[in-house]
Amino acid sequence: MKKFFTDFHFITLLVFLVLGNYSGFGQVNDEMKMEEKVASPAQFSLGADLVSRYIWRGRDYGNSPAIQPNVAFSVAGFKIGAWGSYGFVSNTVQINDSTTVNAGNYAETDWNLSYSYKGFTVMLSDYFFPNPLSPNENVNYFDYNNKTTGHSYELSLAYTGPDKFPLQLYAGTIIYGADKDKDSTGVFGAGDNNNYSTYFEAAYQFNIKTIGVKPFIGGIPFGSSWYGPSAGIINLGVTVSKSIQLSKDYSIPLFTSVVTNPQAQSIFFVFGLSL
């Protein structure tokens with residue numbers, strides 16, 4: 001298994017280097033969005049989002065504005081992509097009523113490999129979270145041992161409906177890495193076995209004149225250190241988007257999201273733009 005994940009990263013880098021000579025560059029949105037994008041002929045795409053908060057599946061990562069670059073290579077339905085996030089200010093974590101600690105600037109580096117066909121996309125994603133205070137301390141990038149790795153691999157299936165009924169469905173399960181079950185005291189993430197944390201989401205994309213509107217709902221079937229202590233709805237809200245035309249050939253997409261997490265009793269109001 002360790003050799004498989006090592007080979008996965010090597011092949012990913014090799015394809016970027018070898019096939020890059022035959023491709024042009026363009027813009028791309030956040031790689032975690034479920035919209036199907038099948039590129040033909042082969043091409044590279046790149047971009048970056050600036051967000052007021054990094055909210056993913058109903059949780060705040062970093063409590064800070066963040067920059068989120070992305071790059072991808074796609075051909076004949078296949079896509080290899082990289083995505084990252086880096087918080088602008090350090091994050092503090094409350095340990096108890098009287099103690100808080102500096103957790104540093106939140107950072108994340110992800111890879112994904114996907115194939116899309118007739119509205120369906122199968123994807124293998126690698127989520128990696130370096131130590132924000134000391135990137136190589138206890139979180140080594142090339143450590144793929146299931147018990148000690150900082151990587152988490154998710155296998156997912158997404159569906160995007162036709163323009164007449166633009167329903168979006170997503171299901172993903174962490175199949176390997178830093179996603180453990182409960183220990184003897186009942187704490188998720190501290191056990192020895194894989195937890196197979198699973199997330200489901202449904203969304204519906206439509207337009208009102210030049211404004212894009214996407215309500216969404218996401219939930220989990222059982223508890224997880226990734227999402228929440230028990231089954232329930234963890235990601236409920238709406239995203240509203242609009243492109244601002246700056247010139248004949250260039251526009252900036254803007255978006256605002258209201259996101260609630262009913263299980264955690266939290267709410268977020270996020271603004272972002274894509275470059």
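Source: prediction; values computed, not measured.
- The aromatic rings of Tyr141 and Tyr144 stand perpendicular to each other, their planes meeting at an angle above 60°, with 30° marking the opposite boundary.
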Item to check | Stepwise side-chain contact (heavy atoms from CB on, under 4.5 Å) test for Ile244 and Leu254 | outcome: CA-CA 7 Å; Ile244 304 299; Leu254 307 177; 3.4 Å; yes
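- A salt bridge is defined here as a Lys NZ or Arg NE, NH1 or NH2 lying under 4.0 Å from an Asp or Glu carboxylate O, and Lys214 with Glu201 fails to meet this definition.
- The ring of Phe222 has its center no closer than 6.0 angstrom to the ring center of Tyr196.
- With hydrogens and angles disregarded, no donor-acceptor distance shorter than 3.5 Å links the side chain of Tyr54 to the backbone of Gly62.
- In this structure, CG on Leu236 lies 5.0 Å from CD1 on Ile217, to the nearest 0.5 angstrom.
- Checked by atom type and distance alone, the side chain of Thr109 never pairs as donor or acceptor with a backbone atom of Phe128 at under 3.5 Å.
- One finds the OG atom of Ser224 at 5.0 Å from the CG atom of Asp179 (value rounded to the nearest 0.5 Å).
- A donor-acceptor distance shorter than 3.5 angstrom exists from the side chain of Ser64 to the backbone of Phe88, with no hydrogens or angles considered.
- Taken to the nearest 0.5 Å, the CG atom of Asn235 stands 9.5 Å off from the CZ atom of Phe268.
- Judged purely by distance below 3.5 Å, without hydrogens or angles, the side chains of Asn195 and Ser197 pair a donor atom with an acceptor atom.
- The closest donor-acceptor contact from the side chain of Gln205 to the backbone of Gln168 lies at 3.5 Å or more, if one exists at all.
- There is a side-chain donor-acceptor pair under 3.5 Å between Asp183 and Thr185.
- Heavy-atom minimum distance, Ala66 versus Ser85: CB-OG, 3.8 Å.
- Looking only at distances, no side-chain donor or acceptor of Ser257 sits under 3.5 Å from a matching main-chain atom of Val270.
- No side-chain donor from either of Ser225 and Lys180 sits under 3.5 Å from a side-chain acceptor of the other.
- By the criterion of side-chain heavy atoms lying less than 4.5 angstrom apart, applied directly or through intervening Ile, Leu, Val, Met, Phe, Trp or Tyr residues, Ile233 is not grouped with Trp56; the two fall into different hydrophobic clusters.
- The shortest heavy-atom contact between Pro229 and Gln263 is CD-OE1, 3.0 Å.
- Residues Ile175 and Leu124 form a side-chain contact, since some pair of their non-hydrogen atoms from C-beta on lies under 4.5 Å apart.
- Here the CG-CD1 distance, from Leu246 to Ile252, works out to 4.5 Å after rounding to the nearest 0.5 Å.
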Item to check | Audit row: Asn146, Asn194, side-chain hydrogen bond (donor to acceptor under 3.5 Å, both in side chains) steps and yes/no | outcome: CA-CA 9 Å; Asn146 189 38; Asn194 291 344; 3.2 Å; yes
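- Atoms CG and CD1, from Leu50 and Ile67 in turn, are 5.0 Å apart once rounded to the nearest 0.5 Å.
- A distance-only check finds no donor-acceptor pair linking the side chain of His151 to the backbone of Ala178 [under 3.5 Å].
- Put simply, the side chain of Asn261 gets close to the backbone of Ala264: a donor and an acceptor are under 3.5 Å apart.
- Taking all atoms of both residues into account, the shortest heavy-atom contact from Ser125 to Asn112 is OG-CB, 3.9 Å.
- Two rings, from Phe200 and Tyr170, have their centers 6.0 Å or more apart.
- Contact between Asn63 and Val89 at its shortest, heavy atoms only, is O-CG2, 4.4 Å.
- Side-chain atoms of Asp49 and Ser274 form a donor-acceptor pair, as typed in the model, at a separation below 3.5 Å.
- A donor-acceptor pair shorter than 3.5 Å cannot be found between the side chains of Asn193 and Lys182.
- Between atom CZ of residue Arg53 and atom CD1 of residue Ile55 there is a gap of 7.5 Å, rounded to the nearest 0.5 Å.
- Judged by distance alone, the side chain of Asn207 and the main-chain N or O of Thr210 form no donor-acceptor pair under 3.5 Å.
- A heavy-atom distance below 4.5 Å is found between the side chains of Tyr204 and Pro166.
- Contact detail for Ala202 and Leu169: the closest heavy-atom pair is CB-CD2, 3.7 Å.
- Two residues are said to be in side-chain contact when any heavy atoms from C-beta on lie closer than 4.5 Å; Phe271 and Pro65 fail this criterion.
- Inspection of the Arg57 and Tyr227 side chains reveals an N or O donor paired with an N or O acceptor under 3.5 Å.
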Checklist entry - For Asp143 and Thr148, what are the C-alpha separation, side-chain angles and deciding distance, and is it a side-chain hydrogen bond (donor to acceptor under 3.5 Å, both in side chains)? => result CA-CA 7 Å; Asp143 174 11; Thr148 59; 2.7 Å; yes
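- Annotation: side chain of Ile234 is in contact with side chain of Tyr199 (closest heavy-atom distance under 4.5 Å).
- Side-chain atoms of Thr121 and Ser114 include no donor-acceptor pair closer than 3.5 Å.
- Summarising the geometry of Ser156 relative to Gly172, their closest heavy-atom pair is CB-CA, 3.8 Å, with the distance given to 0.1 Å.
- With Tyr127 as reference, Trp226 is the one residue of Trp83, Trp111, Trp226 to meet the ring-ring contact (aromatic ring centres under 6.0 Å, His included) rule.
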